[in-house]
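All ligand and atom numbering here is 1-based and tracks the order in the structure. Just so you know, these numbers use all the heavy atoms, side chains as well, and skip hydrogens, waters and symmetry mates.
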Amino acid sequence: PSKNFKKVKHKTAMLSLGNAFSEEDLINFEKKILNFLNIKSEYNIEFSAEPKIDGISASLFYKDGKFVQGLSRGDGQVGEDITENLKTLRDVPITLPKGVPDIVEIRGEVYMAHDDFETLNRQQSDKGRKTFANPRNAAAGSLRQLDTKITASRPLKFFAYTWGEMSEMPGDTQSEMMACFDAWGFTVNPDFKVCENVDALNKHWQDIEERRSMLGYDIDGMVYKIDRLDWQSRLGFVSRAPRWAIAHKFPAEKAITKLLDIDIQVGRTGALTPVAKLKKVTV
Ligand code: IVH
């Protein structure tokens with residue numbers, strides 16, 4: 001991994017998200033929105049919902065339909081120029097179809113799928129090289145290589161989920177924007193969905209939580225965004241996070257492993273404490 005990438009200021013900052021850990025947090029999130037927009041509480045606000053990918057965020061800048069610059073998030077204000085490395089990803093189109101706005105900046109997450117991560121680690125250890133602790137580290141290390149050939153040999157993927165600068169807005173809602181990104185050749189998460197109210201968000205959250213270990217890549221929650229873009233604009237930001245979006249986190253991941261042995265530790269007073277020896281498992 002290299003520290004030698006050129007630093008570039010983001011034209012619009014790459015923000016973070018507030019967190020919700022319970023249904024109560026979510027109800028409060030909606031209440032604040034209704035208050036801010038001065039909307040009656042009976043009114044249902046539509047939200048988009050999609051998995052929160054545990055990867056590395058990146059921004060892809062297109063001018064006249066050509067990919068010209070790719071940046072890492074960095075501190076959100078200034079990122080690193082990783083254009084050449086991002087060009088090696090299959091999910092990053094080099095040219096966009098005719099008719100797209102002159103300036104398009106797509107933002108999303110670079111990640112490594114579980115099976116690709118395992119294959120990479122096997123190859124690394126066969127070659128006597130360092131293995132990676134988890135798919136996120138593998139994605140980060142693979143993206144920050146000065147030798148583009150190394151990045152090209154790594155199985156990195158990209159989900160588009162938001163945008164930065166756009167010379168023209170091709171949609172009025174989050175879901176219309178995602179449909180455009182999909183039509184332009186980007187990969188949008190297949191579990192992206194518009195939900196008609198908070199109950200529907202919770203249902204989708206539960207469904208994904210149940211399927212979490214089968215998705216094939218790491219996620220740590222769901223991200224909800226108000227679907228209407230005019231409402232997103234009215235709500236704006238507080239410190240570094242939008243008022244119109246939130247990350248609904250999953251409880252700590254559970255895993256099943258094997259009990260290999262039980263040691264009995266003898267304390268000073270003679271108390272016996274059984275200690276489980278577990279087969280190593282990464283969560
Ligand atoms: S939306 C203004 N959607 O989570 C909101 N972020 O904790 C922009 N992330 O820095 C972010 N999956 O790197 C959004 N589906 C998703 C996401 C997502 C992962 C990351 C992103 C962001 C961080 C915030």
>> Could you identify the single nearest non-hydrogen protein atom to atom 15 (N) of ligand 1 and state the distance to 0.1 Å?
In response: Pro51 O, 3.1 Å
>> Using a plain distance cutoff, I'd like to know if Ile53 has any nitrogen or oxygen under 3.5 Å from a nitrogen or oxygen of ligand 1.
In response: yes
> Counting from 1, what ligand 1 atoms have a heavy atom of Glu50 closer than 4.0 Å?
Replying inline: 15 (N)
>> Over 60° means perpendicular and under 30° means parallel, so tell me whether Tyr111 and Tyr217 are parallel, tilted or perpendicular.
In response: tilted
>> Please list, in number order, the atoms of ligand 1 under 4.0 Å from a heavy atom of Ser57.
In response: 13 (O)
> Which ligand 1 atoms are under 4.0 Å away from a heavy-atom of Val223?
Replying inline: 3 (N), 15 (N), 16 (C), 17 (C)
> What protein heavy atom sits nearest atom 2 (C) of ligand 1, and how far off is it?
Replying inline: Pro242 CG, 3.6 Å
> Considering only heavy atoms, does Arg107 approach ligand 1 within less than 4.0 Å through its side chain, its backbone, both, or neither?
Replying inline: neither
> Starting from atom 8 (C) of ligand 1, which protein heavy atom do you reach first, and at what distance in Å?
Replying inline: Thr162 CG2, 4.2 Å
> Could a heavy atom of Met14 be found less than 4.0 Å from some atom of ligand 1?
Replying inline: no
>> Considering both backbone and side-chain atoms of Glu109, is one of its nitrogen or oxygen atoms within less than 3.5 Å of a nitrogen or oxygen in ligand 1?
In response: yes
> Hey, does Lys225 sit under 4.0 Å from ligand 1 if you only count heavy atoms?
Replying inline: yes
> Does the pair Lys225/Glu50 count as a salt bridge with the N-to-O cut at 4.0 Å?
Replying inline: yes
>> Under a 4.0 Å threshold between the charged nitrogen and the carboxylate oxygen, would Lys6 count as salt-bridged to Asp81?
In response: yes
> Considering only protein heavy atoms, which is closest to atom 5 (C) of ligand 1, and at what distance to one decimal place?
Replying inline: Leu17 CD2, 3.6 Å
> Of all the non-hydrogen atoms in the protein, which one sits nearest to atom 22 (C) of ligand 1, and at what distance?
Replying inline: Leu15 O, 4.1 Å
>> Measuring centre to centre across the rings, with the benzene-like ring taken for any Trp, is Tyr62 within less than 6.0 Å of Phe186?
In response: yes
> Do side-chain atoms of Asp227 reach the backbone of Ser175 as a donor and acceptor pair under 3.5 angstrom?
Replying inline: yes
> Okay, side chain of Asp91, backbone of Phe158: is any donor-acceptor separation there less than 3.5 Å?
Replying inline: yes
>> Is it the case that the side chain of Ser233 and the backbone of Leu229 share a donor-acceptor pair, with hydrogens and angles ignored and the cut-off at 3.5 Å?
In response: yes
> Do Asp116 side-chain atoms and Met112 backbone N/O form a donor-acceptor pair below 3.5 Å?
Replying inline: no
> Of all the non-hydrogen atoms in the protein, which one sits nearest to atom 21 (C) of ligand 1, and at what distance?
Replying inline: Tyr161 OH, 3.0 Å
> Quick one: are the ring centres of Phe29 and Tyr224 less than 6.0 Å apart?
Replying inline: no
